[in-house]
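Data first, discussion second: the structure below is written as structure tokens.
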Amino acid sequence: MTRVAICGSALDAVAGVADGATVLVSGFGSAGQPVALIEALLEGGARELTVVSNNAGGGEVGLAALIRDGRVRKVICSYPRQSDSWHFDAAYRAGQVELELVPQGNLAERIRAAGAGIGAFFTPTGFGTPLAEGKETRMIGGRSYLLEYPLPGDVALIAAHQADELGNLIYRKTARNFGPIMAAAAATTIVQADEIVPAGALDPEHVVTPCLYVDRVVRVERDRVWSGEGL
């Protein structure tokens with residue numbers, strides 16, 4: 001009996017995500033963004049979400065659709081604005097969504113720290129800027145640092161290239177981005193995979209996220225948003 005649940009649909013995979021949950025969402029632009037899971041979350045009706053992601057969505061799909069429909073209370077990200085981020089822009093200017101801006105390296109390390117059980121860490125990034133307001137500082141080795149805290153999630157939504165029936169994951173090139181650290185940092189990790197293969201079919205040397213961190217997997221045929229094979 002395997003620990004991971006193989007779900008029949010994306011909607012089944014996100015069932016039970018509660019109102020007010022903190023949701024970690026993988027992706028760097030379109031690469032590695034679990035669009036099917038996000039849209040299932042939209043259909044499922046969860047509200048007042050705190051979304052942690054590299055960006056705040058673009059166009060009319062994925063995170064942008066969640067924000068458009070008023071499901072997101074707060075966005076924690078490093079890159080909230082791009083040419084097609086009109087839904088986030090409108091919601092933020094109207095005071096309908098809160099933004100916590102975090103430098104990208106700090107965002108990644110805060111998520112990683114949550115998965116690694118680290119209580120807090122010092123970083124020089126952001127010192128002397130408005131992002132340092134209200135934070136503890138310390139001089140270490142003649143350099144000024146800020147104290148930052150881990151960023152765990154109730155749920156992680158991530159995209160993988162392959163999953164086996166046990167929940168071990170392999171990613172494809174740049175689509176790997178935030179997936180591995182988010183999988184480790186969430187209480188429940190939900191994965192959309194291009195392909196689900198039998199246990200033992202994946203080379204253990206190529207597995208990036210072990211099944212220990214994965215709770216639910218659903219097969220979703222990958223939509224190549226870009227023509228490049230690096231996504």
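As a basis for the values below, the full set of heavy atoms in this structure was taken, side chains included, without hydrogen atoms, waters or symmetry mates.
With sequence neighbours left out, V102 forms a side-chain contact (heavy atoms from CB on, under 4.5 Å) with I76, E100, N106, L107, R110. With sequence neighbours excluded, the residues satisfying side chain to side chain donor-acceptor pair (under 3.5 Å) with E195 are Q162. Partners of D12 by side chain to side chain donor-acceptor pair (under 3.5 Å), not counting sequence neighbours, listed by chain and number: S9. Every side chain to side chain donor-acceptor pair (under 3.5 Å) that N54 has, sequence neighbours left out, goes to S78, Q104. Y92 is linked by a ring-ring contact (aromatic ring centres under 6.0 Å, His included) to F88, counting only residues two or more places apart in sequence or in another chain.
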Exercise. Start with the C-alpha distance between D194 and V220, add both sets of side-chain angles, then the distance that settles side chain to side chain contact (heavy atoms under 4.5 Å, CB included), and finish with yes or no.
Key: CA-CA 5 Å; D194 302 336; V220 175; over 6 Å; no
Practice problem: Apply side chain to side chain contact (heavy atoms under 4.5 Å, CB included) to the pair I118 and R112, showing each step before the final yes or no. | Solution: CA-CA 9 Å; I118 295 171; R112 192 198 71 82; 3.4 Å; yes
Exercise. Report the C-alpha distance between V23 and L157 in whole Å, list the side-chain angles of each, state the deciding distance to 0.1 Å, and finish with yes or no for side chain to side chain contact (heavy atoms under 4.5 Å, CB included).
Key: CA-CA 7 Å; V23 183; L157 305 182; 3.9 Å; yes
Quiz item: Taking it one step at a time, do V4 and C211 satisfy side chain to side chain contact (heavy atoms under 4.5 Å, CB included)?
Solution: CA-CA 7 Å; V4 70; C211 60; 5.9 Å; no
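Residues L169 and V191 have side chains in contact (heavy-atom distance under 4.5 Å, counting atoms from C-beta outward). Considering only heavy atoms from C-beta on, L146 stays 4.5 Å or farther from T125 through its side chain. V25 places a side-chain heavy atom less than 4.5 Å from the side chain of P34. P103 is listed as a side-chain neighbour of L131, based on a closest heavy-atom distance under 4.5 Å. Within the 4.5 Å cutoff, no side-chain heavy atoms of D215 are placed close to those of I190.
Residue pairs that meet the side chain to side chain donor-acceptor pair (under 3.5 Å) test with at least one member in residues 201-210, sequence neighbours left out, are Y171-T209. Counting only residues at least two apart or in different chains, salt bridge (charged side-chain N to carboxylate O under 4.0 Å, His left out) contacts with residues 86-96 comprise R81-D89. Every pair passing side chain to side chain donor-acceptor pair (under 3.5 Å) that includes a residue from residues 136-152 is listed here, sequence neighbours excluded: K135-E148. Residue pairs meeting the side chain to side chain donor-acceptor pair (under 3.5 Å) criterion with at least one partner in residues 16-29, sequence neighbours excluded, are absent. For residues 62-72, the salt bridge (charged side-chain N to carboxylate O under 4.0 Å, His left out) pairs, not counting sequence neighbours, are E60-R68.
The backbone N or O of A159 sits nowhere less than 3.5 Å from a side-chain atom of Q192 that would complete a donor-acceptor pair. In this structure, the side chain of R216 engages the main chain of A15 through a donor-acceptor pair within 3.5 Å.
Placement of Y79 and I111 in two distinct hydrophobic clusters is found when ILVMFWY residues are connected by side-chain heavy-atom separations under 4.5 Å, directly or transitively. Each of V35 and V14 belongs to its own hydrophobic cluster when Ile, Leu, Val, Met, Phe, Trp and Tyr are linked at side-chain heavy-atom distances under 4.5 angstrom. No chain of hydrophobic side-chain contacts below 4.5 Å, direct or via other Ile, Leu, Val, Met, Phe, Trp or Tyr residues, connects V217 to V197.
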For residues 37-51, tabulate all N or O donor-acceptor pairs below 3.5 Å that involve a side-chain atom, not counting sequence neighbours.
unit_1: T50; atom_1: OG1; unit_2: R73; atom_2: NH2; d: 2.9

Anything under 3.5 Å between a donor and an acceptor, one on a side chain of residues 175-184, the other on a protein residue two or more places apart or in another chain? List them.
unit_1: N177; atom_1: OD1; unit_2: G27; atom_2: N; d: 3.0
unit_1: N177; atom_1: ND2; unit_2: A31; atom_2: O; d: 2.9
unit_1: N177; atom_1: ND2; unit_2: T174; atom_2: O; d: 2.8

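Rounded to the nearest 0.5 angstrom, E109 CD and L151 CG are separated by 11.5 Å. Rounded to the nearest 0.5 angstrom, H161 NE2 and R172 CZ are separated by 6.0 Å.
Test V75, N55, L101, V97 against P80 for side chain to side chain contact (heavy atoms under 4.5 Å, CB included) and you get one pass: L101.
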